[in-house]
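Here is how names work: the chains are called A, B, and so on, in the same order as the sequence lines, proteins then strands, and each is numbered from 1.
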There are 2 protein chains.
Amino acid sequence: MEPLELIDDEPLDDVDSTPKLGRKRDHTRDAEILDATLDVLAEVGYDGMTIDMVASRAKAGKATVYRRWTSKAELVLDAVACMKSADIAGLEIPDTGTLRGDLIGLIKTPSIADGERKLQIIAGIASMLSRTPELADAANKAIIEPRAAVNRTVLQRAIDRGEIPADADLETLSLITPSMVAYRTLMLRKPVTREFLIGLIDTVVLPAAGVQAG
Amino acid sequence: MEPLELIDDEPLDDVDSTPKLGRKRDHTRDAEILDATLDVLAEVGYDGMTIDMVASRAKAGKATVYRRWTSKAELVLDAVACMKSADIAGLEIPDTGTLRGDLIGLIKTPSIADGERKLQIIAGIASMLSRTPELADAANKAIIEPRAAVNRTVLQRAIDRGEIPADADLETLSLITPSMVAYRTLMLRKPVTREFLIGLIDTVVLPAAGVQAG
DNA sequence: TCTATACGGAACTGTCAAGTTCCGGATATC
DNA sequence: GATATCCGGAACTTGACAGTTCCGTATAGA
């Protein structure tokens, strides 16, 4: 997803071709600032975040930030909407032939770390979600949905090969691990280990999906 | 749980007996202010909440609040810690003879409404949880833990009567519904209906507990 | 090299809320 | 009724941050 164009109205195909005059707006600079925004958001939350924090982390001036986004709210919305799914995007979905193998194959150390950062970001904007639907939608699309989609894919394949019943509730099943990981991280503040995830898969997800135990 | 004694150091048995002079500090006034705090917290979150909002909702002066709590942070911590479990407290745990019957018997409309308010409160303080462990602990003890404890009770009874395996993971099982309800409310912002809860019980909790489907 | 543009940084303004102080009025004890 | 205590309310002080403006500099195109 591209950053929302809040200032520029130049054609997209002009990005790397010859501009008329002076220096061109650098779109990678946008990304750096947005990423700094997410870092600060994860660390101190929306209200604890100041534009100065974001700017200095991105080695930018505050004026530079305001040249590109009209307000703090716009900056945060854009940052959440443009969030890259570092874990999902480059992640090939495993196809081991069994549901258990696929689910366990999805457990990756960088993916866990990335997931915890995203949960911190959600926690940082949680109080605004009920009053800012656009932000809630953006967070959903960028954070929750990709993760659930991957789970749905491996579950659907398990249905296709007859490993689990065809009427299995994919919507619910795909949300079990995200939900319980979120609770463990945010409320219990316990680390999400590989063992914890395997335990969840074996004692909750697989039985609920209809796989025989053992 | 009593409000933390941040100001008074009078003996507890003196509460309703003869004070020495003038008017006595009114402990129900504390409760009213704490409750107003929770209301505001649920509506606008920690950072959106001002002491003036709390005071005027409790028909109190700001000075009165500061006479009883030293800071906004202390007030909020105390409010969360003293939160009454309106749903759990007066709730007799059903004993229907089956795990499914007990779990479904625990679903009560007022309990759902009360639960959503509590989740709004959690959302309001979410961004502080990772930086204020005492607050996270208080929220967990006051909101999630009572609910999980009830689940553990009915699960233990199911073990005792041989309905589910004796080695069932009560810790995990008792957290399935709280986690998924929290996730649904806070992140998906979808309503928690009776149907949703029954679906969770039938497709996740019971299979994971080892009850035969159907 | 010249020039327009965007830059980082710093100084500035305006607002808003935390926390304090003060006061007139109620209320309970004596 | 006299008195001590706490009350609600309002007027403060203070500090922090959103957002703006300005300036000297760096860089890319002509």
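Rounded to whole angstrom, the span from the CZ atom of B:Arg29 across to the C1' atom of D:dC6 amounts to 11 Å. With rounding to whole Å, B:Glu74 atom CD is found 15 Å from C:dA18 atom P. Rounding to whole angstrom units, OH of residue A:Tyr66 and C1' of C:dT13 are separated by 13 Å. A straight line from CG of B:Leu75 to P of C:dA18 spans 10 Å, rounded to a whole angstrom. Atom-to-atom, CG of B:Asp30 to P of D:dC6 comes out at 13 Å; the value is rounded to the nearest Å.
Residue pairs that meet the salt bridge (charged side-chain N to carboxylate O under 4.0 Å, His left out) test with at least one member in residues 178-187 of chain B, sequence neighbours left out, do not exist here. Within the structure, no pair that satisfies the salt bridge (charged side-chain N to carboxylate O under 4.0 Å, His left out) test touches residues 121-130 of chain B, not counting sequence neighbours.
Side-chain contact between A:Leu38 and A:Arg117: present, with at least one pair of heavy atoms (C-beta onward) separated by less than 4.5 Å. Looking at A:Ile201 and A:Ile107, their side chains come closer than 4.5 Å, going by heavy atoms from C-beta outward.
Contacts between residues 40-63 of chain B and DNA chain C, defined by a heavy-atom separation below 4.0 Å, involve B:Met49, B:Thr50, B:Ile51, B:Lys62, B:Ala63, listed by number.
At D:dC7, none of the side-chain N or O atoms of B:Thr64 fall inside 4.0 Å of OP1 or OP2 (strictly under the cut-off).
For the pair A:Lys72 and A:Tyr46, the distance from NZ or CZ to the six-membered ring centre is under 6.0 Å and the angle to the ring normal is within 45 degrees.
Side-chain contact annotation: B:Thr203 with A:Asp169, donor-acceptor N/O pair under 3.5 Å absent.
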